[in-house]
Amino acid sequence: MNAPARSPRPSRPRSRRPRWGLRLATGGACLVLAVSGIGHLLVRELDSGIHRVDAFGGLDNRPKSTGGGVNFLVVGTDGREKITPREKALYRLGGAPCRCTDTIMLMHLSGDHHRVSAVSLPRDSYARIPAYTDATGKRRPSHPRKLNAAYAEGGPSLTVRTVEQLTGVHIDHYLEVDFTSFMKTVDVLGGVKICTARPLKDDHTGLDLPAGTHVLGGGQALQYVRSRHVDGTSDLGRIQRQQRFMAAVVHQTTAGGILLNPVRFNRVAGALLGSVRADHGFSAEDLVALGRAMNGVTPASSEFASVPVVLPGVPVKGAGSTLRWDQAKAERLFTALREDRRLVTHRPKRVRATPVDVDPARIQVHVLNGTNTTGLARRADRALHATGFATTGSPADAATPDVRHTVIAYDPIWDRSVRSLAAALPEARLKPVVGQGAVMQITVGADYEGVRPVRAEAPKTDAAGFGAVTGDEVVCPEGGATRAL
């Protein structure tokens, strides 16, 4: 019941990126594969499936390219022409597509080829669409709109102009992916493992996931990354879930051996390329160079961030409620990209921990020793404190020393918090005590086997203030039961 808590540019690559932030990861990771074992001939064959778009024609007054790394603008559209009627009904994909960008992301490959940074640009961000000439030849003046309106009004070229104007980041390549490519790619990967600390349900997309770890097929994965009505966080919450999904894809393609398996890569790339659109300068040779550059990228060397916004939204006539960026933080974020610097400041190496819904730091705990083992309560208190819980630091003895099973006594109004505590003590039995208050009491029993590390599902904001995380901070912990959907 408590609140929820850019060395030379590698020739230019021609790729096919999965939709949305997420697709990016799928796409980015898949590109990596391409290079490793398939060779130029196969890459050229795959390249023939990419549809070309003029994303840079006629652009002027562009930001300067600093020479540090390569920047991609990856957008996801709601194209669904190749999806079957059954899939449309099952995954709530009915209705006419709006021909708009559902997801917009900047992806930066560092100059040393050791790091990939992905920055999500909320589609509802306030933006001034630059003046342009429309398809009828009429000149349209600059005007305020939501960021995703740029694609609907002027396609890829106007989208690139708008993003470059907003961010000051020079875009080297443009990649566009739709629903079909995403679903097929996830299926060929064998599904993607994600974990959630609480149930996720969205009647708009049909998403219905219980808490736990799941392997999502293409359709379920699409529901997961599209859902905006899981809670009150709307698009911002969806971006966080997309980042987790991207990190999971990076982990799966690197740890799962896909990059070293030409046959598997061919299947993945073939599925992905069917619906991708890319700028004319993204060549097959560039694809090979990009793959080589990205080889070795891991969840720990991949970074994810979203442009910081100021809430609540601001209404704009003709556009509805828009999200204004926190200009100071946004400028630091894009300066880091332009200067080819890390988004995530140095952090101590973290132990793999189970994600929980409520931040342990918000959960007060008092520990009692229900055994004859001297100092057991103090060890448990220290272990709980080390994983983030607000322990009292004053463990004591229980009334009796013959407690067989560890018990967590809690007030029922703190039912979400107790689930986070129980994740750290999976053997413990829960005992609701009406009126106990905010402090939970743990009586350590003979079955106590130690404390399992946990972490808040939403990572803590980095020191720079724009919430960047590394992939290894948000992927699922090893082990544990996994459910295939």
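One-based numbering along the sequence shown.
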Can you name the nearest heavy-atom pair linking [X] to [Y], along with the distance?
| X | Y | result |
| --- | --- | --- |
| Ala131 | Arg161 | O-NH1, 2.9 Å |
| Ala150 | Thr162 | CB-OG1, 3.5 Å |
| Leu333 | Ser306 | CD2-O, 4.3 Å |
| Ser142 | Arg128 | O-NH2, 3.2 Å |
| Gly57 | Ser157 | O-OG, 3.7 Å |
| Leu222 | Phe179 | CD1-CD2, 3.9 Å |

Considering only heavy atoms from C-beta outward, does the side chain of [X] approach that of [Y] to under 4.5 Å?
| X | Y | result |
| --- | --- | --- |
| Arg238 | Arg123 | yes |
| Val344 | Arg342 | no |
| Leu200 | Arg241 | yes |
| Asp124 | Leu147 | no |
| Thr103 | Gln242 | yes |
| Leu209 | Gln223 | no |
| Met246 | Ser302 | no |
| Thr167 | Trp325 | yes |

Worksheet item: Below 4.0 angstrom, N of the basic side chain to O of the carboxylate: do Arg338 and Glu331 qualify?
Response: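 Result for this pair is yes, salt bridge flagged.
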Gap between atom [atom2] of [Y] and atom [atom1] of [X] - 0.5 Å precision:
| X | Y | atom1 | atom2 | answer |
| --- | --- | --- | --- | --- |
| Glu176 | Arg277 | CD | CZ | 4.0 Å |
| His114 | Leu109 | NE2 | CG | 10.0 Å |
| Asp172 | Phe72 | CG | CZ | 7.5 Å |
| Arg140 | Asp134 | CZ | CG | 4.5 Å |
| His280 | Phe56 | NE2 | CZ | 10.5 Å |
| Thr159 | Asn148 | OG1 | CG | 9.0 Å |

Between the side chain of [X] and the main-chain N/O of [Y], is any donor-acceptor distance below 3.5 Å?
| X | Y | result |
| --- | --- | --- |
| Asp359 | Arg362 | no |
| Glu164 | His170 | no |
| Thr322 | Val314 | yes |
| Glu339 | Ala336 | no |
| Asp202 | His229 | yes |
| Asp279 | Tyr174 | yes |
| Ser125 | Leu121 | no |
| Glu303 | Thr470 | no |
| Arg198 | Val358 | no |
| Arg226 | Leu207 | no |

Discussion item. Before you tell me yes or no, could you show the steps for Asp326 and Arg332 under salt bridge (Lys or Arg N to Asp or Glu O under 4.0 Å), namely the whole-Å CA-CA distance, both residues' side-chain angles and the distance that decides it to 0.1 Å?
Written reply: CA-CA 10 Å; Asp326 183 314; Arg332 290 200 297 272; over 6 Å; no
Worksheet item: So, for Phe245 and Phe304, is the gap between ring centers shorter than 6.0 Å?
Response: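 They do not qualify: ring centres at least 6.0 Å apart.
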Fill in: Check against side chain to side chain contact (heavy atoms under 4.5 Å, CB included), Cys195 and His214
CA-CA 6 Å; Cys195 50; His214 313 273; over 6 Å; no
Item to complete: Report the C-alpha distance between Tyr224 and Thr205 in whole Å, list the side-chain angles of each, state the deciding distance to 0.1 Å, and finish with yes or no for side chain to side chain contact (heavy atoms under 4.5 Å, CB included).
Response: CA-CA 8 Å; Tyr224 180 78; Thr205 65; over 6 Å; no
Discussion item. What verdict does the side chain to side chain contact (heavy atoms under 4.5 Å, CB included) test give for Ser420 and Val454, after you've listed the backbone C-alpha separation in whole Å, the side-chain angles of each residue and the deciding distance to 0.1 Å?
Written reply: CA-CA 8 Å; Ser420 294; Val454 299; over 6 Å; no
Discussion item. Can you tell me if Arg139 has over 12 outside heavy atoms packed within less than 6.0 Å of its CZ?
Written reply: yes
Worksheet item: Side-chain donor-acceptor pair under 3.5 Å between Tyr132 and Glu153, yes or no?
Response: yes
Discussion item. Given the ring of Tyr126, does Arg324 sit roughly above its face, with NZ or CZ under 6.0 Å from the centre of the six-membered ring and within 45° of the axis?
Written reply: yes
Discussion item. Using side chain to side chain contact (heavy atoms under 4.5 Å, CB included), reason through Arg228 and His204 one step at a time and then give a plain yes or no.
Written reply: CA-CA 8 Å; Arg228 305 175 71 231; His204 291 73; over 6 Å; no
